[in-house]
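Residue numbers start from 1 in every chain, and the chains themselves are labelled A, B, ... in the order their sequence lines are given, proteins ahead of strands.
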Amino acid sequence: MKRDFVKTICPYCGTGCGFILQVEDGKAIRTLPDRKHPVAKGTLCIKGWAAHEFIHHPDRLTRPLLKKNGEFQEISWEEAIDLAAKKLKEAAESYGPDAVAGLSSAKCTNEENYLFQKLIRAGFKTNNVDHCARLCHGPTAAAMAQALGSGAMTNSISDFTGAECIIIFGSNAAETHPIIMGEIYKAKDHGATLIVVDPRRTEVAANADIHLQINSGTDIPLINGMMRYILDQGLEARDFINERTEAFDALDAYLSGWSVEEASDESGIAAEEIARVSEIYSRAQEASIVFCMGITQHACGTANVFAICNLAMLCGHVGKPHSGICPLRGQNNVQGACDLGALPNVYPGYQTVADANILRKFEDAWGRELSPTPGMTVTEIIGSAGKKIRALYIMAENPVLSDPNQSHVIDSLHKLDFLIVQDIFLTETAKLADLVLPGACYAEKTGTFTNTERRIQLLRKAVEPPGDARDDFTILCMMGKALGLDYPYADPGEVMDEVASLTPIMGGVHFDRLGSAGLQWPCPEDTHPGTRFLHEGRFSRGKGLFVVPGYTPPKEMPDETYPYTLITGRMFSHYHTGTMTRRSHFLHREVDKPFVEISPADAHSLGIRDGDAIRVSTRRGSISTNAKITSRVRKGSIFAPFHFREAPANALTIEELDPISKIPEFKACAARMEKE
Amino acid sequence: MSLVEDARLKAKNALEEGLVDGVLALARVEDEPYPYVFEDAAETGMLELEPKWLLAKLAMNILRSSRQDYRLGIICRGCDERALNELSKRNQFDPARLHVIGLACSAEQARICLCTKPYPASIALGEKSEGFDPREDERARMFLSDDPGTRMQHWAAELSRCIKCYGCRNSCPICVCEPCKLEDDLWVRRGEIPADMVSYHLIRAFHLSDTCVACGGCTDACPVNIPLMLLQVAMRETLANNYGYEAGTDLERLSPVLSDLTIEPCPPLMEPGWLDSLKVNHET
Amino acid sequence: MTQEILLSDHAESTRHNAAPKVVVFACKWCALIGADAAGKNKVQLPVNFRVIPVECASRVEADAVIRAFSSGIDGVAVMGCHLGGCRYNNANHRAAKRLELLRPLLDTVGIDSRRLFTSFGTAHEHHQFADVIGEFYRRLQDLPPVQAWSRSNMNDYRRGDT
Amino acid sequence: MEDNKQTRCFLCECYGEISDVVDLESIRKGLEHHPRIVSCEKVKSLCLEENIDELAKRIPLSPESRVLLGACSFLARGDAIITGLQKRGIDPKHIELVDLREGCAWIHRDDPASATKKAGDLINMGIAALVQRNYSEDLTIEPKQEVLVIGAGPAGISAAASLVKLGITVHLLDRAKTPGGLLNLIKKIAPETDGTPQHVEAFLYTVGNSPLVRYYPGSRISAVRGSAGDFTVEFTSGSDVKSINVGAVIIATGARVNLPGSLYRYKELKGVITGIELERSFKGPGMKVTSAVFIQCVGVRDADRPYCSAICCPVSLKQAIQLLEENPDAEVTILHRDIMCPGSVLEDYYRKAMEAGVRFVRYDQDTPPGILGAEQVEEIRVYDVITGRERRIDAELVVLSSPLIPHDDAARVAELFDLNRDIHGFYEVRSLMHPLETTKDGVLVCGSARWPVLARTAILQGEAAAMKAFALLNTDQLTATQISQFKERKFSLALVDRQACTGCGNCVAICPYDACSLEADQGAYKSTVSQMRCTGCGSCVSVCPNGSIQLPEQNALLIGEMLKAAFS
């Protein structure tokens, strides 16, 4: 009996919990909590405990597959790689470099993301590389980079304890970031006032000191109302504003057009409540703001994040302990994918593609000419598939289920000349591919993930990939060599060394320095211990920039034919498109059927009883699902998780994009319901 | 010789004398603690004793998945030893295949775990130190206070934070059922958090009423740090007072709740004329 | 059954619990006979109790009692035979011990264990059954309604007991 | 609940007794579109013969059809209705009776509105019960036409003799080398006059010469398995180990005489002997005695042994009469706290003793007689409760009359057969209604093993036990549900889901009938239930951690759904 215990990092959410895989005879049979892990501290959420269950699932892809007249046939790795390289080069040669695009993945390691964007950029002289951050914290990266100089979470998870006030905007952390919720509860036990702003009465809201049950998508009016009140009462951090920020007057002028009453009408929160919350937040010595998809997944997602930055800077709650602006990243390595340049407009370390000497630096390093013009985002790539984009290489992503307006996505992908999908299961997206490459899951590779608090942590390989599957690092090296690129790496450690050499904020990051606690970037030199919180003394961009948030209510408001507001999102026992969680026996047993949450009042008016089969439809499409009556949602709004392929919530969502970050408005559209 | 060296020596001897085929304990690899099965005497240099890491359930699983005659040594604390006794009483593994090297905990550790008996029956490592009464702990006192109103308020507030991660059940050494009743929609509504305070937490707590060895595994595993072990304190005290029974201390004696009143009487029921709980005046 | 219960938003009533909901697990060989006799003698009893017949008090799982409390039932009565007179060879002894051990757990979380009424041999006759049900009711009425402690049961609306 | 319309519902007005209080119409309407109800009708009454005829016509005999009766209680007319339907071919297990009269209408006359709501809930609970109810599969075996009798004393031999007359093969097993038990020690059986040997011979003759009896002297039981109708008993007889397969077991192991220990200077003084030693001397040359004193209740009817052994007084009377027969001039006195000789035969015997010259002196428990003498007993001093004076009686012989107590290995035998024992250690019987039945079906007990009795009663009980055993085995089909000693069939038989069982043994520990046992199954333990032993009480279900053992007729889901329906 070959027995081993391997420490690795959870493949699911952005909290980045560490745990131990118990491996017997090459099979991961059990997950054990790691009592010494800095974030998890010996605890795990329901998905963490089941993180070993999907690894050896029989559905795992084991050999490269090529589609011949509609049927997948197994082919060898050599054939697959050569064909992929040939097809991508063909598209670039016949339709120009920008005809090729790549979707990287927040599920893959930092090193794999780096190699992927290098492959697209150096291989085809185009910046058409993006990943699903576009669908979650795209607006956060865009807005915070512009306002503060860095798109990452300013403080750390363990930093909540000690804050006097914590405001949570649009985050059901108890279900999406359970271990971080533990830290927030610990802060509450140490005296923090917990304020929750959420249209749904989630568990977080129920346990908060104050719950503002806001109308969906009206966060900016609320924040403007708060800022208006703070300025009227003179509670703003005047000296912080003068010394450390700029362009406050523009905001001041804009705010003069707003009153607390107006904010109250628009947001549906009583004026006294706005006043009370503003008092608590501004008077606190140290206060932090936590936010998630409820803020970003709107047509005015970027503006929402600007509003939050304005509020934090107005009260000086940035750049000090127990404070800051804390976007909770959804995926295990979405922070890492952004850090490593899997974005159309930046190289690794948020170095913009448009900057000439940055461009030259990377051209020298990679030995290939690079394109200075920013590439297309996910939604644009899929939107122009078959037109501008001819060949697409998707690594470990499932846009068919995760992108809005599913029917549109499927039609576009069909129009492509050549689609390569690299994943561990034959997902809905992989089924449409011409070439499928079997990748490896988190337990079958070495590398690093970066969690939401910028902590880069080491994964250790526990088991071998199934059949002939290869880990993504190896596949990308093969692809790189096939494209004639310089991929001399023996192991992911060397990739990270190359990244360190090219990226100032990760200058000191090397595998041997990561140990058990990892390193929180920025970490410029080899001796730097990592940074607990950002913007101490000065903002990354110098002075904090106030930006006037352009408020637009949800694009599709409810009307007679579609009387309900549909909110989509995650629930605790499944993850994103369910590729892994629905193949985990323990998680599947917890929830195996799709559902839509309906308020008792709405259920009564439609004569729907708990568990009844119902049909939910919008202008984009309709799904049949089951009713779950709960007082979590308010009268007039319903909530649908997007984990269930048999009732894809994204067949309903609207394709309205945020102008700046191009994020779709997942959190609000109009829908109607009937008994099936 | 320090405690750790003593432990390493004992593990090494046990392996070299062929007393056991492997020793389960903590190992320090690249300055990180791992649970590890030492099968080669030379490796015992890496053996480690800190931090407190419950190994009982892992030992059981290892015995189950190894060959029939595989004998396992384990360096474990009092709570693990008691948990292993309860598991062997429940026929989960053959105790003859287990060789326990008992490690006594320090008073500080007892203070952290709120442990009343921080030492195994046979102490091979460390000295016996004072147990700690959970009611002494300031936070625990709120959950065990005499006034039911305070208790209710704290438990209701704390348990409504539950994210139903099943960590309390997964880390409890005694919980071995597969499937478990808590996942049956009949008892606890599935797919919802917070887990129903009464039916999830009290059913789980009552299933351990006569088997809980107060190892603190549930409290340690709770991401929203609910002091779950405190649910067991009152029941363990009742068992001690009524029957002089403590889980995990006697390999032969089964839970007194399973036997006849004529064999193991229950004092409150034995008062002359006790026929129903209404007659008992709860106001006193 | 209509949905009004779900809709009506009970204010946090501090008034005494006028009509506590009681579930009675009655052993077929004694308590059920007492209940039947109470019927024959037309003894007027409070309405809000429901009888679930069981073969022996030892069939009543502590989990079922806990499940009853979790679905908002105010009082659970487990009525079995005299501790010497169980026809299943002292099976009721184990029931008595087990429910005695459940009391400290209920008290710990603030569910007053007087809500669990256990009777072994005091419900054989019709007057006995009527007395104990009546007395149990009076005691329940003095206790605050069950909803007071289950703040965390926000998912309870569907069980018709908002 | 998914649609599966199989249940026909009948609400009985009971000529107004129910419908005056409960608004049955609203309930009927409420059930019209219930997913499980095919039809729901109100009827004037259900319990009259013609009602039952009418009712049976409207119920299809298909196995899936279910019937819900909203009527009176089972004990009222419910039983009659169900048996009536059963006679017309409808399986009673497919019928659910909801008590709307005694359980609702009659006890809530002053609140019809809530009574109606309660009736609706009770109906819903009934539906839930019907929907969730499963059915235990019965087990039928062919009972072995052989009986094991343990103990060849008077009770055992009499049982064996009776069974042989009925053609049943008997395995007669005894620890001692020779049959007869205590009889061997006795010259004459009290109160009869004829000697004991004739009795023993009579039995031995029937037992010894019958081909149906297999006699195993000097043997000891080592293991017992199985249940009523099919026991397997292993025992060592001499050197070899035997295993027999029998349908019933009769325990007639008798009891032993308790030695007085150091009371009344027994073993210290010559002349202080026990009743058994005196009896042995009668069998021998006899004993010419001039003065003898019997002391009753030695080491019994006290704090340690608070019971009356019932046989000591008759035995002492017998021995006193024999002493006087051998020496009419002898002085024989019986010191007693009470003379227990109930019944006409023993009362007459007591009178005969008085006429023979036996003197009786009553002493009090707190002032026991004093025995005087250096090596040989000379004089007895006793405080005579009646006269209030201390008496001095010369005596050359003191006979201590001590009780019968359970054999030393009674605990071991009880363990083997999982029998209960009373606080004195004798095997406990089930109840007044079942005087020879132990808690284990198919295991009977008689003679002094059950309670100290004179030989005559032991013989009587032996025959009774034989009849009971015969009644059990006298069929070619023994079904588990029908074996119960109660009037109707067993309620249910526990069923184990072997896949979910963790082998923790809670059910084995709690089962009052030792019906559960653990079997090794590929390295893990799994619980199995002997359907013959299981009586369906449900103790095991309530301690099974993950509900892998269930009573099909009242499984956890049924109770859960009833709870939900209770206040819907």
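Residues of residues 238-251 of chain B placed with any heavy atom under 4.5 Å of a heavy atom in chain C are listed by number as B:T238, B:L239, B:Y243. Interface residues of residues 201-208 of chain B toward chain C, defined by a heavy-atom distance below 4.5 Å and sorted by number: B:L202, B:I203, B:A205, B:F206, B:H207. When the heavy atoms of residues 225-237 of chain B are compared with those of chain C, the residues falling under 4.5 Å are B:L230, B:L231, B:A234, B:M235, listed by number. The stretch residues 40-51 of chain C places none of its residues near chain B, where near means some heavy atom under 4.5 Å from a heavy atom of that chain.
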**Study point:** Worked verdict on C:I66 versus B:W187 for side chain to side chain contact (heavy atoms under 4.5 Å, CB included)
**Key:** CA-CA 9 Å; C:I66 294 170; B:W187 303 105; over 6 Å; no

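Without hydrogens or angle criteria, B:R151 side chain to C:G110 main chain gives no donor-acceptor distance under 3.5 Å.
Atom NZ in B:K181 sits 12.0 Å away from atom CZ in C:R67 (nearest 0.5 Å). Going from atom SG of B:C266 over to atom CG of C:L83 covers 10.0 Å, rounded to the nearest 0.5 Å. Annotation: the span from B:L278 atom CG to C:F136 atom CZ amounts to 7.0 Å, rounded to 0.5 Å.
For the side chain to side chain contact (heavy atoms under 4.5 Å, CB included) with C:H93, the qualifying choice from B:I263, B:D260, B:V257 is B:D260, the only one to do so.
For B:S259, the parts lying near chain C are the backbone and the side chain together; criterion is any non-hydrogen pair under 4.5 Å.
Contact detail for B:W155 and C:V109: the closest heavy-atom pair is CD1-CA, 3.7 Å.
Proximity of B:S277 to C:R103: side-chain heavy atoms (C-beta onward) are separated by under 4.5 Å at one or more points.
Within 6.0 Å of CG on B:D146 lie no more than 12 heavy atoms contributed by other residues, nucleotides or ligands.
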